[in-house]
Amino acid sequence: MAKPPKEPFVPRKPDLSVSFAGITFKNPIIAASGTFGYGVEFEDIVSLEKLGGLVTKGLSREPMVGNPPPRLFETAAGMLNSIGLQNVGAQAFIDEKLPKLAKKKNVVVICNVFGYTPEDYEATIRILNEAEGIAAYELNVSCPNTRHGGITFGTDRALLEQLVASCKGASRRPLIVKLSPNVTSIPAMAKSAENAGADAISLVNTFVAMAIDAEKRKPRISNITAGLSGPAIKPIALRMVYEAAHAVDIPVIGLGGITTAEDVIEFMLAGAAAVEVGTANFWDPCATEKIVDGVRRWCVEHRVAKITDLIGALET
Ligand SMILES: Cc1cc2nc3c(=O)[nH]c(=O)nc-3n(C[C@H](O)[C@H](O)[C@H](O)COP(=O)(O)O)c2cc1C
């Protein structure tokens, strides 16, 4: 009887590491901005060292109090938030939060940065540049540009390019540009970010949405509109990541509604080099760690020796 063909050897410990923008992540699962505090709040619940990395909540040049409540509302398979980018400010983050993270060896910390003018963004980056222990910056471009009548940076190609170019000039670290999904053409915005010097892009941020209390005839959120996140947005996010990954040569970080290991694999097949997990942290603070374990199991079961082999491997 003929011997069966030799199957390729797949180790029980698949290689989950991914590297891009000069950073090595031990696995592709990163906690998303605004859903994981400054990271330190989770240190007693999650083994931060087990994660690929974490993104801090958005940091600005000055502290911000955010919007008045109500600012969170659960929807069918999702969540609305209008936190209003409440944060301690970049300097307080360096003084009070970062030292605790720095004690943990081996945690990739990405700082999410926002502002209302390009100078705000640049100033925040320059403050953060002075600190050690930060791997990269993620620019939240879903903010209204107060100098241009409130039009968001991330919905106008020219504004986006100017912002990315000026932040790139100010930054001493790799720049990840986090795209807004509230645009007509994701490939066009992805291309703009790449042309202006982004080292990577991440997408998606939340979708502008709203909810109404019919009995009271009032909006559910004090700001009236809010950002929709969670499983409800996953299929749209996946489509956008697929389109973006085909439009640019820089790495794409995918996010939007990821709650399981299978979700991670889907985003990677669509072209994501890594993923972020956001809203899932609200119903299970250990979601990121569980997803890392799940992805490892998935790779063993599916005989995937190197997770990077899955990036963009969708068969059409
Ligand atoms: C409560 C909350 C706060 C957020 N704050 C930020 C933020 O400060 N900066 C940012 O770029 N994205 C922020 N986001 C967007 C998330 O990082 C993520 O892009 C979005 O929620 C989609 O992913 P998800 O469906 O896994 O949550 C926030 C999301 C939520 C739910």
Side-chain angles (χ1 to χ4, degrees), residues 29-39 41 53-60 63-67 69-90 93 110-116 120-121 124 136-144 152-154 163 167 175-182 186 193 200-209 211 221 223 226-238 240-241 244 252-260 263-264 266-267 272 274-285 287-288 291:
I29 291 98
I30 301 167
S33 179
T35 67
F36 209 71
Y38 301 99
E41 298 84 346
L54 65 90
V55 187
T56 67
K57 63 160 64 197
L59 297 167
S60 49
M64 284 186 54
V65 290
N67 290 329
R71 48 191 199 172
L72 286 178
F73 182 71
E74 191 176 340
T75 65
M79 193 172 94
L80 285 175
N81 95 82
S82 175
I83 302 294
L85 298 166
Q86 176 185 1
N87 78 104
V88 295
F93 168 75
I110 298 170
C111 286
N112 185 276
V113 168
F114 74 94
Y116 295 99
D120 283 345
Y121 280 89
T124 308
Y137 303 127
E138 180 181 63
L139 285 194
N140 175 3
V141 298
S142 300
C143 297
T152 50
F153 289 99
L163 179 70
C167 288
L175 205 60
I176 302 163
V177 176
K178 183 169 181 182
L179 298 180
S180 165
N182 303 302
I186 271 289
I201 52 174
S202 54
L203 68 153
V204 294
N205 210 316
T206 55
F207 289 79
V208 180
I221 298 275
N223 193 44
L228 181 65
S229 61
I233 69 169
K234 196 196 107 183
I236 319 177
L238 195 57
M240 289 184 158
V241 166
V252 174
I253 303 174
L255 73 156
I258 293 177
T259 62
T260 65
D263 291 339
V264 174
E266 289 175 32
F267 273 83
V275 300
E276 293 179 18
V277 175
T279 301
N281 294 304
F282 281 84
W283 71 75
D284 181 358
T288 44
I291 292 173

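First listed ligand is number 1; within each ligand, the first listed atom is number 1. Residue numbers start at 1 and run along the sequence shown.
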**Request:** Take Leu203 and Val241 through the side chain to side chain contact (heavy atoms under 4.5 Å, CB included) test and state the conclusion after the steps.
**Result:** CA-CA 7 Å; Leu203 68 153; Val241 166; 4.0 Å; yes
**Message:** To check your reading of the model: name the closest protein heavy atom to atom 20 (C) of ligand 1, its residue, and the distance in Å.
**Reply:** Thr206 CG2, 3.8 Å
**Request:** Return the minimal non-hydrogen interatomic distance between Arg71 and Ile83, and the atom names on each side.
**Result:** NH1-O, 3.2 Å
**Asked** Can you check side chain to side chain contact (heavy atoms under 4.5 Å, CB included) on Thr35 and Phe282, steps first, answer last?
**Response** CA-CA 7 Å; Thr35 67; Phe282 281 84; 3.7 Å; yes
**Prompt:** When you measure from atom 1 (C) of ligand 1 to each heavy atom in Val113, Asn112, Asn281, Asn81, which option holds the nearest one?
**Reply:** Asn81
**Message:** Is it the case that ligand 1 has an N or O less than 3.5 angstrom from some N or O of Gly58?
**Reply:** yes
**Message:** For a quick test of reading the model, state the closest non-hydrogen atom pair linking Ala193 to Ile201 and the distance between them.
**Reply:** CB-CG2, 3.8 Å
**Asked** Counting from 1, what ligand 1 atoms have a heavy atom of Met79 closer than 4.0 Å?
**Response** 31 (C)
**Per-atom contacts, ligand 1 versus Gly257 - under 4.0 Å to a heavy atom** = 24 (P), 25 (O), 26 (O)
**Complete:** When distances are taken from atom 26 (O) of ligand 1, the protein heavy atom at minimum range is Gly278 N, 3.0 Å
**Message:** Evaluate Lys234 against Thr259 for side chain to side chain contact (heavy atoms under 4.5 Å, CB included), listing each step before the verdict.
**Reply:** CA-CA 10 Å; Lys234 196 196 107 183; Thr259 62; over 6 Å; no
**Message:** For Glu74, I'd like to know if atom CD has over 12 heavy atoms of other residues, nucleotides or ligands within 6.0 Å.
**Reply:** no
**Message:** Heavy atoms only, cut-off 4.0 Å: how does Leu85 contact ligand 1, side chain, backbone, both, or neither?
**Reply:** side chain
**Request:** Establish, from distance only, whether the side-chain atoms of Glu138 and Ser33 form a donor-acceptor pair under 3.5 Å.
**Result:** no
**Prompt:** With a 4.0 Å heavy-atom cut-off (strictly under), which part of Glu276 contacts ligand 1: side chain, backbone, both or neither?
**Reply:** neither
**Request:** Output the list of atoms in ligand 1 that are nearer than 4.0 Å to some heavy atom of Ala32, sorted by atom number.
**Result:** 17 (O)
**Message:** Return the closest protein heavy atom for atom 15 (C) of ligand 1 as residue, atom name and distance.
**Reply:** Asn205 OD1, 3.4 Å
**Asked** What is the nearest protein non-hydrogen atom to atom 18 (C) of ligand 1, stated with its residue, atom name and distance?
**Response** Leu255 CD1, 3.5 Å
**Phe282 touching ligand 1 at heavy-atom level, < 4.0 angstrom** = yes
**Request:** Mind telling me whether Phe93 and Tyr38 have parallel, tilted or perpendicular rings, with 30° and 60° as the class edges?
**Result:** tilted
**Message:** Looking only at the side chains, is there a donor atom on one of Asn182 and Ser142 sitting less than 3.5 Å from an acceptor on the other?
**Reply:** no
**Asked** What are the two closest non-hydrogen atoms of Leu59 and Thr124, and how far apart are they?
**Response** O-CG2, 3.6 Å
**Message:** Suppose we measure from atom 28 (C) of ligand 1 to each protein heavy atom; which comes out shortest, and what is that distance?
**Reply:** Ser33 O, 3.4 Å
**Prompt:** Can you find an N or O of Lys178 that's nearer than 3.5 Å to an N or O of ligand 1?
**Reply:** yes
**Request:** Would you mind checking which non-hydrogen protein atom is closest to atom 3 (C) of ligand 1, with the distance to 0.1 Å?
**Result:** Gly34 O, 3.4 Å
**Item:** Gly230 N/O to ligand 1 N/O under 3.5 Å
**Value:** yes
**Message:** If we only consider heavy atoms of Val204, is any one of them less than 4.0 Å away from an atom in ligand 1?
**Reply:** yes
**Asked** Could you go step by step and tell me if Ser229 and Asn81 meet the side-chain hydrogen bond (donor to acceptor under 3.5 Å, both in side chains) rule?
**Response** CA-CA 8 Å; Ser229 61; Asn81 95 82; 5.1 Å; no
**Message:** Starting from atom 21 (O) of ligand 1, what is the nearest protein heavy atom, named by residue and atom, and what distance separates them?
**Reply:** Ser229 CB, 3.2 Å
